[in-house]
Amino acid sequence: MKKISAIPVVVVLAVVLGLSSCYKDEGNYEYIEVSDIVIDTIGMANRLDLMSVELGKTLKLKPNVTYPDINNLEYFWVIYPYNYGPVQQGNSIVYPQADTISRSHELNWIVDALPGAYSMQFVATDPQNKLRSFYQFYFSIPNPGVRSGLYILSEFDGDTDVELYGSARGLILGGDHLSLKHYSNMHGLIPGKPRFISFGRDYYYVFTEQTGLRLNVNGLQTMDNFQDMFYNVPEYNPQGIMFTNNCEFFVNNGKLHVMYTNLANDRKFSAAVAGNYQAASFLAKNTRTSWGAVPDAIGADQVIFDVSRNAFRPYFPMASSVSEFKPTVPDAILDVNNMGRKPVASMEANGGQVFNIMNIDGHFFLHVIRFFNVVDNGDLSVGGNSIVSLAGCEGIQQAKYFTSSLASSSFFYATDNAVHSFSYTSGQTSQETIYRCEPGEEVTAIFQMISGGFPTQGCILWIATWNPLTKEGTLREYEVDPASGKIRTHWTNSFAPHLPNPSVTTGFGKIVGMTIK
């Protein structure tokens, strides 16, 4: 594709999706900031095509443009990677320039970019009056044969299946689609009741009570079973997997195993990382960053919870053993080296904090700590809101399922018959009730995307219920306010106006887990 030389992409990274805007170009033109050129997508045909942009397909879009001198306008379309940032060129740090895919008002593009997530801008300029306006879009190009969506782990009479669901509201889920019994229709059921589903660099992981599988993203063909995942096969007791920092972290039978995906490893996990510890299932997604990194920040590749010490412990890059945080200072609000007990649940939220639900002698509290992009000065609590009473939260004592998102300051919890939310930043002292079960049904899972999917990250909640009499599972999809945890309809109006809030889909098995790669 032809490279455009006059449009430095960095000047538009802060644009909010769905808002038309203007900017001053520091390139070869002396454009000024105005709003005379108005761009919108109201009634634009093919908008939903952005939910699933496949290689070789033709993408046609024509935004509405209003301007007094409409015949003076020139147009172009540019794309650039969604995770856009500076790169090293020689001795300089530069921002890559965008790829021009069209110079017409109407986009008519045969998709030929590499698979990945992209930002796209439609730009209208008046070179005579030196005016410019643009409109921002987002889309993803999957690898051929790969299906985007919410991958759902379901039980069918004691065995396991993977079902596939997509929604226009979720943006990165490939639009509205549904494939019940997706895995078994191709390969048959997986033996044993389901434990959990997760993903690695280029594949999914499924673990049942009997077996563990690594599945190719293209068609879910089996790549490896549990025995093939190790040089030295441990006892089978899978607890959790997290892919982050170019590494797959696997907690099995209380021990941490690592596999750096940017190094040669025969696609096998290491032997158990050394140390005297008993790891819980918690694994962190956000532990370090290169963008806006705080000098001397902790910089661990992973953080586990050691049940034997009731302590959070870091694992540093390429280390042979689990390490420890610095000794906690006397005036610290919380002691990450001795939390006093194992949390009922630990989950990441609010841009890199870790929410811990604590049962202290029958009284429930939220303990908030942070390892991400902070200096370990002996106090990893977050200040005055580090300890929050949950005494006013209905059902917290009976909660069985918890979920949260790094883009949300609220968390969600579920009992057998209800789902609630709580936000410590909103000043509330009691829960917000999201759903109460109908007679005869029970909650079996809840899920939020932990990261990715801007701008709806943190805004989508999935609730799975099961009716043991009808033997049917139901999935409810809500848009929620990531700050308050309340039901809210905002992005739905832009991306999925045809969907109610919530949308309800039936016909599943007994859903026990969900993931989005």
Side-chain angles (χ1 to χ4, degrees), residues 17-18 51 148-152 154 163-178 347 349-350 355 393-396 399-423 425-426 428 430-438 441-467 472-508 511-516:
L17 175 64
M51 304 303 174
S148 300
L150 180 69
Y151 279 70
I152 297 171
S154 298
E163 307 189 274
L164 184 59
Y165 167 87
S167 163
R169 182 159 35 213
L171 282 189
I172 64 172
L173 303 183
D176 298 329
H177 62 85
L178 178 65
M347 50 195 155
N350 205 23
F355 287 3
C393 290
E394 174 190 334
I396 192 69
K400 298 173 65 175
Y401 311 105
F402 297 85
T403 191
S404 62
S405 169
L406 285 163
S408 174
S409 55
S410 57
F411 71 90
F412 298 84
Y413 65 96
T415 64
D416 282 331
N417 55 22
V419 179
H420 311 285
S421 69
F422 180 82
S423 172
T425 62
S426 65
Q428 67 191 83
S430 61
Q431 88 291 339
E432 181 73 21
T433 298
I434 304 298
Y435 178 70
R436 294 191 187 277
C437 289
E438 299 291 337
E441 69 174 354
E442 61 188 46
V443 179
T444 57
I446 56 176
F447 181 71
Q448 273 195 304
M449 286 186 288
I450 188 172
S451 63
F454 177 85
T456 58
Q457 175 196 353
C459 299
I460 311 298
L461 171 71
W462 288 277
I463 298 174
T465 59
W466 170 250
N467 188 315
E472 182 178 55
T474 298
L475 186 68
R476 289 172 171 83
E477 178 186 272
Y478 289 81
E479 181 183 347
V480 294
D481 183 339
S484 69
K486 298 179 180 180
I487 299 172
R488 178 194 72 173
T489 301
H490 175 67
W491 295 113
T492 299
N493 294 331
S494 298
F495 305 129
H498 60 292
L499 292 179
N501 187 21
S503 54
V504 181
T505 306
T506 59
F508 295 94
I511 299 172
V512 302
M514 294 169 263
T515 194
I516 296 173

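The model shown is predicted, which means the values in this text are computed figures rather than measured ones. These numbers come from the heavy atoms of this one structure, side chains and all, not from hydrogens, waters or symmetry mates.
- Between Asn501 and Thr489, the side chains place a donor N or O and an acceptor N or O closer than 3.5 Å (distance only, hydrogens not considered).
- Gln457 contributes atom CD, which lies 6.5 Å from atom CG of Leu406 (distance to the nearest 0.5 angstrom).
- Looking at heavy atoms from C-beta onward, Phe447 lies in side-chain contact with Ile516 at the 4.5 angstrom threshold.
- A side-chain donor-acceptor contact under 3.5 Å links Ser409 to the backbone of Ala483.
- A 4.5 Å side-chain heavy-atom check between Phe495 and Pro455 finds at least one atom pair inside the cut-off.
- Summarising the geometry, atom CD1 belonging to Ile460 is positioned 6.5 Å from atom OG belonging to Ser167; distances are rounded to the nearest 0.5 Å.
- Contact detail for Glu394 and His420: the closest heavy-atom pair is O-CD2, 3.5 Å.
- Within the 4.5 Å cutoff, the side chain of Leu461 has heavy atoms near those of the Thr403 side chain.
- In this structure, Lys400 does not pair ionically with Glu442, as no charged nitrogen and carboxylate oxygen lie closer than 4.0 Å.
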Exercise for the section: Might you work through the side-chain contact (heavy atoms from CB on, under 4.5 Å) test for Leu150 and Leu475, ending with a clear yes or no? Expected result: CA-CA 11 Å; Leu150 180 69; Leu475 186 68; 4.0 Å; yes
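- The shortest side-chain heavy-atom distance between Phe412 and Val480 falls under the 4.5 Å cut-off.
- Taking OG of Ser421 as the reference point, atom CD1 of Ile487 lies at 8.5 Å (rounded to 0.5 Å).
- Ring-plane geometry between Phe355 and Phe411 is classed as perpendicular, the angle between the planes exceeding 60 degrees on a 0 to 90 degree scale with a lower cut at 30.
- Between the side chain of Thr456 and the backbone N or O of Cys459 there is no donor-acceptor pair closer than 3.5 Å.
- Taking the side chain as every heavy atom from C-beta outward, Ile511 and Tyr165 never approach each other to under 4.5 Å.
- A donor-acceptor contact shorter than 3.5 Å is absent between the side chain of Thr515 and the backbone of Tyr151.
- Of the charged side-chain nitrogens involved, at least one lies within less than 4.0 Å of a carboxylate oxygen, so that Glu441 and Arg476 count as a salt-bridged pair.
- Residue Ser430 comes nearest to Cys393 through the heavy atom pair C-SG, 4.3 Å, listed as atom of the first residue, atom of the second, then distance.
- Of all the heavy atoms in Gly174 and Ser148, the pair that sits closest is N-CB, 4.0 Å.
- How far CZ of Phe508 is from OG1 of Thr474: 8.5 Å, rounded to the nearest 0.5 Å.
- Nearest heavy atoms, Ser404 versus Met347: OG-CB, 3.3 Å.
- Of all non-hydrogen atoms in Gly458 and Pro482, the two that sit nearest each other are O-CB, 3.4 Å.
- Two residues are said to be in side-chain contact when any heavy atoms from C-beta on lie closer than 4.5 Å; Leu499 and Asp176 meet this criterion.
- Scanning both residues, Ala399 and Tyr413, for their nearest heavy atoms gives CB-CD1, 3.8 Å.
- A salt bridge links Arg169 with Glu477: at least one charged nitrogen is closer than 4.0 Å to a carboxylate oxygen.
- Glu479 places a side-chain N or O within 3.5 Å of a backbone atom of Thr492 that can act as its donor or acceptor partner.
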Exercise for the section: Assess whether side-chain contact (heavy atoms from CB on, under 4.5 Å) is satisfied between Met449 and Ser405, documenting all intermediate values. Expected result: CA-CA 6 Å; Met449 286 186 288; Ser405 169; 5.5 Å; no
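- Lys486 is not listed as a side-chain neighbour of Ser410, based on a closest heavy-atom distance of 4.5 Å or more.
- Considering only heavy atoms from C-beta on, Thr465 comes within 4.5 Å of Cys437 through its side chain.
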